[in-house]
There are 2 protein chains.
Amino acid sequence: MAGHKIGALAKRTGTNAATIRYYEGIGLLPRPDRQDGNQRRYGEDDVGRLTFIRRCRDFGFSIEQVRTLSSLVQDRSRSCLEARDLAQGHLVAIRAKLRELKALEKSIAQFVEVCDAECVGGPGPDCVILDDLSGARPIATSCCAAA
Amino acid sequence: MAGHKIGALAKRTGTNAATIRYYEGIGLLPRPDRQDGNQRRYGEDDVGRLTFIRRCRDFGFSIEQVRTLSSLVQDRSRSCLEARDLAQGHLVAIRAKLRELKALEKSIAQFVEVCDAECVGGPGPDCVILDDLSGARPIATSCCAAA
DNA sequence: TATACAAGTTGAAGTAACTTGAGGTTCAAG
DNA sequence: CTTGAACCTCAAGTTACTTCAACTTGTATA
């Protein structure tokens with residue numbers, strides 16, 4: 001019988017087999033044909049669909065958003081502008097996240113730096129870092145900028 | 001009776017009251033004194049502790065990592081170098097995440113751009129974007145770089 | 001003082017997006 | 001024919017909370 005087994009599909013799309021079954025369970029992937037022994041068999045269209053899903057997920061779209069996107073793929077009479085708008089909204093969120101993460105990286109890098117500079121001596125009650133984190137005094141200057 | 005009620009602590013630390021109870025439940029915050037009517041009362045040390053926790057969480061440390069960090073705060077005889085190393089490891093993870101997110105931003109921005117350029121006409125079966133996402137052909141050139 | 005309503009209490013269940021585990025069947029190779 | 005990998009289903013576990021229901025307590029006002 002033709003078609004990929006679930007393991008092959010998993011490998012080809014970089015998806016865990018359990019995840020594939022999970023997607024089937026929540027209706028994100030259609031129920032595939034079964035071989036005599038009840039094992040799932042997938043075709044090339046399934047490869048495409050799953051690739052699409054994984055790519056969207058990698059892009060940070062939620063399952064529900066992927067569902068929407070998927071239906072756009074199915075129903076081409078609707079505008080791909082809907083997809084554009086979804087992506088656009090997503091882009092805004094990503095840029096916000098990016099800003100946050102950059103600030104975070106800076107803060108933690110400073111944390112490590114200060115630690116290296118001031119706590120090199122090893123164990124002891126003198127660590128300024130942990131005090132900073134508990135916020136007894138303003139943090140920004142000596143150690144970590146508040147998020 | 002002195003001390004903050006849970007709502008006040010929540011407001012001061014920017015934490016949901018339910019989350020405070022949750023932290024208490026998992027042993028991240030100590031059980032506070034109770035007022036006559038069984039309501040929790042918190043002191044300044046609790047403000048510090050919770051601020052510490054929230055800040056670590058904002059920094060992306062997991063609850064378990066915060067637990068470790070917390071114990072370092074309690075027990076100053078141990079080295080703050082442990083905290084440094086935890087932070088260092090975390091920094092590496094953050095930088096990886098940052099790289100991913102940057103690539104993602106670029107991809108999605110391109111997605112939107114191409115959409116604007118090629119799909120302006122509105123609805124129709126000609127949308128190249130959705131085809132790209134399902135990976136029938138390599139994506140990088142016309143639309144989105146693979147993650 | 002009565003009343004209303006905001007804020008507190010508990011325990012349980014819900015959330016996202018899977019992952020892991022138990023216990024059993026089927027396939028493919030030697 | 002046997003062995004072991006890959007498959008099957010269903011249930012429960014994961015993270016870090018949030019939400020809900022049903023109830024009690026605290027506080028401000030008429």
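In what follows, chains are A, B, ... by sequence order, proteins preceding strands, each numbered from 1.
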Pairs under 3.5 Å (N/O, protein and nucleotides 13-17 of chain C):
residue: C/dA17; atom: O3'; partner: A/R57; partner atom: NH2; Å: 3.4

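In this structure, the salt bridge (Lys or Arg N to Asp or Glu O under 4.0 Å) partners of A/R84, at least two apart in sequence or on a different chain, are B/D116. Applying the side-chain hydrogen bond (donor to acceptor under 3.5 Å, both in side chains) test to A/Y23 and every residue at least two apart in sequence or in another chain returns A/R54. In this structure B/D45 satisfies the side-chain hydrogen bond (donor to acceptor under 3.5 Å, both in side chains) test with no other residue, sequence neighbours excluded. When the side-chain contact (heavy atoms from CB on, under 4.5 Å) test is applied to A/R99, the partners found at least two apart in sequence or on another chain are A/R95, A/A96.
In this structure, the side chains of B/I63 and B/R57 come closer than 4.5 Å at one or more pairs of heavy atoms. Side-chain contact check for B/R34 versus B/R41: every heavy-atom pair is 4.5 Å or farther apart.
Atoms CG (B/D33) and P (C/dG8) sit 17 Å apart, rounded to a whole Å. Separating the CD1 atom of A/I20 from the P atom of D/dC8 is a distance of 10 Å, rounded to the nearest angstrom. The distance between atom CG of B/N16 and atom C1' of D/dA16, rounded to the nearest whole Å, is 12 Å. Whole-Å rounding puts the B/L28 CG to D/dC17 C1' distance at 13 Å. Between B/R34 atom CZ and D/dT24 atom P there is a gap of 16 Å when expressed in whole angstrom units. Between the NE2 atom of A/H4 and the C1' atom of D/dC7 there is a distance of 17 Å, given to the nearest Å.
Between A/R67 and A/E64 there is a salt bridge, with a side-chain nitrogen of the basic residue lying less than 4.0 Å from a carboxylate oxygen of the acidic one.
Within 4.0 Å (heavy atoms only), A/R67 reaches no atom of the nucleic acid at all. Residue contacts shown for A/I6 are limited to sugar-phosphate atoms, with no base heavy atom under 4.0 Å away.
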Heavy-atom contacts, protein to nucleotides 25-30 of chain C, under 4.0 Å, summarised as B (base), S (sugar-phosphate only) or - (none) per nt, yield -SSS--
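OP1 or OP2 of D/dT18 has at least one side-chain nitrogen or oxygen of B/T19 nearer than 4.0 Å. The shortest distance between the side-chain N/O atoms of B/R40 and the OP1/OP2 oxygens of C/dT9 is below 4.0 Å. An OP1 or OP2 oxygen of D/dA11 is reached within less than 4.0 angstrom by no side-chain nitrogen or oxygen of A/R21.
Applying the ring pair (Phe, Tyr, Trp, His ring centres under 6.0 Å) rule to pairs touching residues 82-106 of chain A yields A/F61-A/H90, sequence neighbours excluded.
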Acceptor/donor pairs from residues 9-16 of chain A side chains to any protein atom, 3.5 angstrom cut, sequence neighbours excluded:
residue: A/R12; atom: NH1; partner: A/H4; partner atom: NE2; Å: 3.3
residue: A/R12; atom: NH1; partner: A/E44; partner atom: OE2; Å: 2.9
residue: A/R12; atom: NH2; partner: A/E44; partner atom: OE1; Å: 3.2
residue: A/T13; atom: OG1; partner: A/L9; partner atom: O; Å: 2.8
residue: A/T13; atom: OG1; partner: A/T15; partner atom: OG1; Å: 2.9
residue: A/T15; atom: OG1; partner: A/T13; partner atom: O; Å: 3.3
residue: A/N16; atom: OD1; partner: A/A18; partner atom: N; Å: 3.1

